[in-house]
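To start, the structure under review is shown below, and the notes come after it.
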Amino acid sequence: MSDPKRQRAAALPCPDAELGGIDRPLPAGVNAPAFGSDVVADALRATDIPYIALNPGASYRGFHDSLVNYLGNERPQMLLCLHEESAVAIAHGYAKVTGKAMAAAVHSNVGLMHATMAIFNAWCDRMPMVVLGATGPVDAVKRRPWIDWIHTARDQGALVRGYTKWDDQPASPAAAREAVLRAAWIANTAPRGPTYVNLDAGMQEARLEEPVAPIETQRYMPPISGAAPAERVALAADLLRNARKPVILAGRVSRDVEAWKMRITLAERLGARVVTDLKVSAAFPTDHPLHAGAPAVIAPAREMLDALRNADVLLSLDWLDVAGTLQHAGGVPDARIVQISVDHRLHNGWSMDYQGLPPVDVFIDCEPDVAVPPLLEALGPGRAQPPQAAQFSFAPAGDKLTVDHLADNLRRAVGDRPCALAHVSLSWNGASWPFRHPLDYLGSDGGGGVGGGPGIAVGAALALKGSGRLPVAVCGDGDFLMGVTALWTAAHYRLPLLIVVANNRSFFNDELHQERVARMRNRPIENRWIGQRISGPDIDLSAMARAQGVVGFGPVKDIKDLARTFDEAIAAAEAGNPVVVDVWVEPGYTAAMTAQMTRKGD
Ligand SMILES: Cc1ncc(C[n+]2csc(CCOP(=O)(O)OP(=O)(O)O)c2C)c(N)n1
Ligand SMILES: [Mg+2]
């Protein structure tokens, strides 16, 4: 170990000793960078990214060798994945917990094509990650016949340019080092998102003719956090101080506990109603007396819409879709609107995930976490208004097993344990599970790309391993089946995790769409299930888990078996295993969502 950078890294504690003990290479006796890809590996280690989820391929065999035989498969450690979509989804789930990028590596154009939906999900969810890919050799005379030609594209980054913050195809080891540092820096800077670096196979595999001059890598990734402009904060404070019925729309915020408490202080100082959304992570305690209605994905609760209609000032803390929410509430209100967000810096012409353009009276161009403390200060001490009563209750009804019964029994089985709900099914009822901590709920897949659930859950489990917080994910059966091979990675790396499948044996969401079309056209709604139901044969989901080394329970078909099964499943997860419970639920969504999706007319 003569290289000073490697010695420094060796002195750092391993991110997780147990995980670090898996997949240990024989010592290769390599202690100085000798190839282009060794320089890339050094750069990746300099970013402090602890893991790289990957599916292998010859296009980055040089880089792969550097990770194993030059870095010794630590900092970053490889996580082998069975599909590129899971590799990226795992990085996505990791970022949801930590707020930080991990890396994913995907092979040439084909691996990147597999990865695209998961990258899009992370982009829409504003989650950072560094995706490394490869192509070439760009120098055609170095290409092997056939395979190197089909796996070389003129502009591979074009596949993902519409939903990544930045991409590059560096032509030399020094340029690749710069690209990796820039990719990590840009991904981790708000508004966060995926970046992509495409490593030419020829550049990776070429022997270094001379050492690449060392640089102080941290100086190339300076932390950025823009402050809130004081005069804008003063304007917002004036509006809010005089508001009679302010509403806070608590949207994309961090997992920081102090920032969470500050939002509560702000709401209580203003006596503001607060609304939250299941599309993003927990932003405010949903059972706080000021919280209005249960959070939802598609159909906002009536209490939430009432609060918005009655409001005189709306304060958006980077709310995901201000314009769409106003549309739900009946159009543009008279209320004054304060927007705190940096999201506009990311918007581009390819993807419309920026949503409609909302009217805004005071725009504060910084992250909500940064703006709330000066806003509180500008408001000054004031009369705390009496809290209002909590607005929603929950009790599962009927004797047929529904997702509400699933949620009720699961929550009771979890009890007082700290838990992170890493994913929920489309059928989830936001009233069934209160959130009281920023890690209690990690939001949705972001881009509506079904199949992200299992990988995101595994990534969250990776980040939470050893934290004492139990990762729990509820996936639809369609979502589970599309992403099921992410589970093998959880088994191999022994990541404790509980996935419960709300198995309605259907791509049920689309049954409701077909029902709506049938209503609009006066055709039989009874046929809505055709081309949607996943039965005949029924799929044994817990066997799919067991086949990958995951503990599997079920199918559970009776309400009375739920409590015992969940107790056993949690015990297995707490013993260090990934666990899947298959629960057969009646097809159905919340009443509000069903009404919204099946209403007649456009
Ligand atoms: C990649 C992808 N394919 C198809 C869809 C369309 N789609 C939206 S929801 C859904 C059904 C998902 O089924 P499941 O996870 O079982 O949830 P359920 O609606 O049955 O509760 C489908 C197919 C999509 N959003 N993404
Ligand atoms: Mg389903």
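Hydrogens, waters and symmetry mates play no part in the numbers below; they use all other heavy atoms, side chains included. Each ligand, and each atom within it, is numbered from 1 in the order the structure gives.
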Whether the [X] and [Y] side chains hold a donor-acceptor pair (N or O, under 3.5 Å, no angle test) is what I'd like checked.
X: Thr325; Y: His328; answer: no
X: Thr402; Y: Glu586; answer: no
X: Asp287; Y: His291; answer: no
X: Asn121; Y: His92; answer: no
X: Ser542; Y: Asp540; answer: yes

Q) Between the Mg ion (ligand 2) and Ser427, is there an N, O or S atom separated by less than 2.8 Å? A) no
Q.
Under 2.8 Å from the Mg ion (ligand 2) - does any N, O or S atom of Asn504 fall there?
A. yes
When you look for heavy atoms under 4.0 Å from ligand 1, do you find them on the side chain of [X], its backbone, both, or neither?
X: Ala502; value: neither
X: Tyr589; value: side chain
X: Asn504; value: side chain

Q.
Take a 6.0 Å sphere around CD of Gln327 and say whether it holds more than 12 heavy atoms from other residues, nucleotides or ligands.
A. no
Q: Assess whether atom NZ of Lys165 is packed by more than 12 heavy atoms of other residues, nucleotides or ligands within 6.0 Å.
A: yes
Q. Counting heavy atoms only, which of Asp510, Val585, Asp477 comes nearest to atom 22 (C) of ligand 1?
A. Asp510
Q: Would you mind finding which of Asn509, Asp445, Ile534 brings a heavy atom closest to atom 9 (S) of ligand 1?
A: Asn509
Is the shortest N/O to N/O distance between [X] and ligand 1 below 3.5 Å?
X: Gly478; result: yes
X: Val450; result: yes
X: Phe508; result: yes
X: Gly448; result: yes

Q | Per-atom contacts, ligand 1 versus Met117 - under 4.0 Å to a heavy atom | A | 1 (C)
Q: Taking only heavy atoms of Leu426 into account, list the atoms of ligand 1 that are under 4.0 Å away from them.
A: 9 (S), 19 (O)
Q: Please assess Ser341 against Asp343 for the test side-chain hydrogen bond (donor to acceptor under 3.5 Å, both in side chains), listing each intermediate value before the final yes or no.
A: CA-CA 5 Å; Ser341 175; Asp343 201 59; 5.4 Å; no
Q: Please name the residue in the list Arg411, Arg417, Arg469 that meets the salt bridge (charged side-chain N to carboxylate O under 4.0 Å, His left out) test with Asp440.
A: Arg469
**Q.** Pair Glu511 + Arg533, salt bridge at N-O below 4.0 Å
**A.** yes
Q.
Between the side chains of Arg126 and Asp318, is the shortest nitrogen-to-carboxylate-oxygen separation below 4.0 Å, so that they form an ion pair?
A. no
Can you tell me the protein heavy atom closest to [atom] and the distance?
atom: atom 15 (O) of ligand 1; answer: Asp479 N, 3.0 Å
atom: atom 3 (N) of ligand 1; answer: Met482 CE, 4.0 Å
atom: atom 12 (C) of ligand 1; answer: Phe507 CD2, 3.9 Å

Q: Check all N, O or S atoms of Asp477 and name the one closest to the Mg ion (ligand 2).
A: OD1
Q) Do you see a protein non-hydrogen atom under 4.0 Å from atom 24 (C) of ligand 1? A) yes
Q.
Please confirm whether Ser506 approaches ligand 1 to less than 4.0 Å, judged on its heavy atoms.
A. yes
Q | is_close_aromatic(His114, His107), centroid dist under 6.0 Å | A | no
